[in-house]
Amino acid sequence: MDFVEKRLTQRAKRGDREAFAELIEIYKDKIFQLAYRMVGNRQDAEDIAQETFLRVYANLHSYDESYKFSTWIYRIATNLCIDRGRKKRPDFSLDEELEPGQGMDWYSRLSSNEKGPEDQVVTQELQETVQSALSQLAPKYRSIMILRYIEDLSLQEISDIVRLPVTTIKTRIHRGREALRSKLRFM
């Protein structure tokens, strides 16, 4: 993957829009998920993902190819999430999508392999509880926890993204887990 990304970034730096579109395709879901986990709001996450790609495009000429492209783009997205947290806006949106109603055709009445409504609610409540606890963590711990456990990045990759030594990353992971554990205990 690194070879493909390297070729795509080189082509994109030369002005190849198709190469840049392929980079977007590779990272759009990853960046959205990172942003959603950090800000906890779909609309803000979409805005952050879009802003990330705009900044990547505008600053592609300054990208240092000695670093992994993923490190650079995650750093941009993480910084935008932290900035968004500092400028906290109200948690409502007139554009927010509403959940669609259940269909009443015969297909909707057939049994499926999906979880039942009760299991879905339990899973959703658990996800919301963890997301709520994550959102209460200090940004320096929240970003590290998300990059490590949700994005599954290595300690070195996280170190490159947040520009801190690996030992500091390990400390923040430990303290972040402890803070998350105590927050979940009281929820």
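None of these values were measured; they are calculated from a predicted model.
Residues satisfying the salt bridge (charged side-chain N to carboxylate O under 4.0 Å, His left out) criterion with Lys28, sequence neighbours excluded, are Glu25. Scanning for side chain to side chain contact (heavy atoms under 4.5 Å, CB included) contacts around Thr171 gives Arg175, with sequence neighbours left out. Every residue two or more places apart in sequence or in another chain that forms a side-chain hydrogen bond (donor to acceptor under 3.5 Å, both in side chains) with Gln124 is listed here: Glu128. A search for side-chain hydrogen bond (donor to acceptor under 3.5 Å, both in side chains) contacts involving Asp29 returns nothing, not counting sequence neighbours. For Arg55, the salt bridge (charged side-chain N to carboxylate O under 4.0 Å, His left out) criterion is met by Glu51, not counting sequence neighbours. Contacts of Phe69 classified as side chain to side chain contact (heavy atoms under 4.5 Å, CB included), with partners at least two apart in sequence or in another chain: Glu5, Thr9, Leu23, Tyr27, Val56, Leu60, Tyr63, Trp72, Ile73. A search for salt bridge (charged side-chain N to carboxylate O under 4.0 Å, His left out) contacts involving Glu18 returns nothing, not counting sequence neighbours. Under the ring pair (Phe, Tyr, Trp, His ring centres under 6.0 Å) criterion, Phe20 pairs with Tyr57, sequence neighbours left out. For Arg11, the salt bridge (charged side-chain N to carboxylate O under 4.0 Å, His left out) partners at least two apart in sequence or on another chain are Asp16.
Ala35 approaches Ile48 most closely through the heavy-atom pair CB-CG2, 3.8 Å. Minimum interatomic distance between Leu137 and Arg142 (heavy atoms only, all atoms of both residues): O-NH2, 3.5 Å. Taking all atoms of both residues into account, the shortest heavy-atom contact from Ala19 to Ala12 is CB-N, 3.8 Å. The two residues Ile173 and Met145 make their nearest non-hydrogen contact at O-SD, 3.7 Å.
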Original post:
What do the steps show when you test Ile150 against Leu134 for side chain to side chain contact (heavy atoms under 4.5 Å, CB included), and what is the final call?
Top reply: CA-CA 11 Å; Ile150 295 174; Leu134 264 175; 4.0 Å; yes
Original post:
Are Leu147 and Ile169 close enough, and set up right, to give a side chain to side chain contact (heavy atoms under 4.5 Å, CB included), and what steps lead you there?
Top reply: CA-CA 11 Å; Leu147 291 171; Ile169 301 301; over 6 Å; no
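With rounding to the nearest 0.5 angstrom, the CD atom of Gln50 is 12.5 Å from the CZ atom of Phe32.
Counting heavy-atom neighbours within 6.0 Å of Lys170 NZ, excluding the residue itself, gives a total of 12 or less.
Between the Asn59 side chain and the Ser62 main chain, no donor and acceptor come within less than 3.5 Å of each other. Panel note: side chain Thr168, backbone Leu164; no donor-acceptor pair is recorded below 3.5 Å.
For residues 145-166, the set of pairs meeting the side-chain hydrogen bond (donor to acceptor under 3.5 Å, both in side chains) definition, not counting sequence neighbours, comprises Lys68-Glu157, Tyr74-Glu151, Tyr149-Arg177, Ser154-Glu157, Gln156-Asp160.
Taking a 4.5 Å side-chain heavy-atom cut-off between Ile, Leu, Val, Met, Phe, Trp and Tyr, the cluster of Val122 contains only that residue.
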Can you give me every donor-acceptor pair (side chain of residues 179-187, partner residue at least two apart or in another chain, under 3.5 Å) with its distance?
| residue | atom | partner | partner atom | Å |
| --- | --- | --- | --- | --- |
| Arg181 | NH1 | Glu178 | OE1 | 3.4 |
| Arg181 | NH1 | Glu178 | OE2 | 2.6 |
| Ser182 | OG | Ala179 | O | 2.9 |

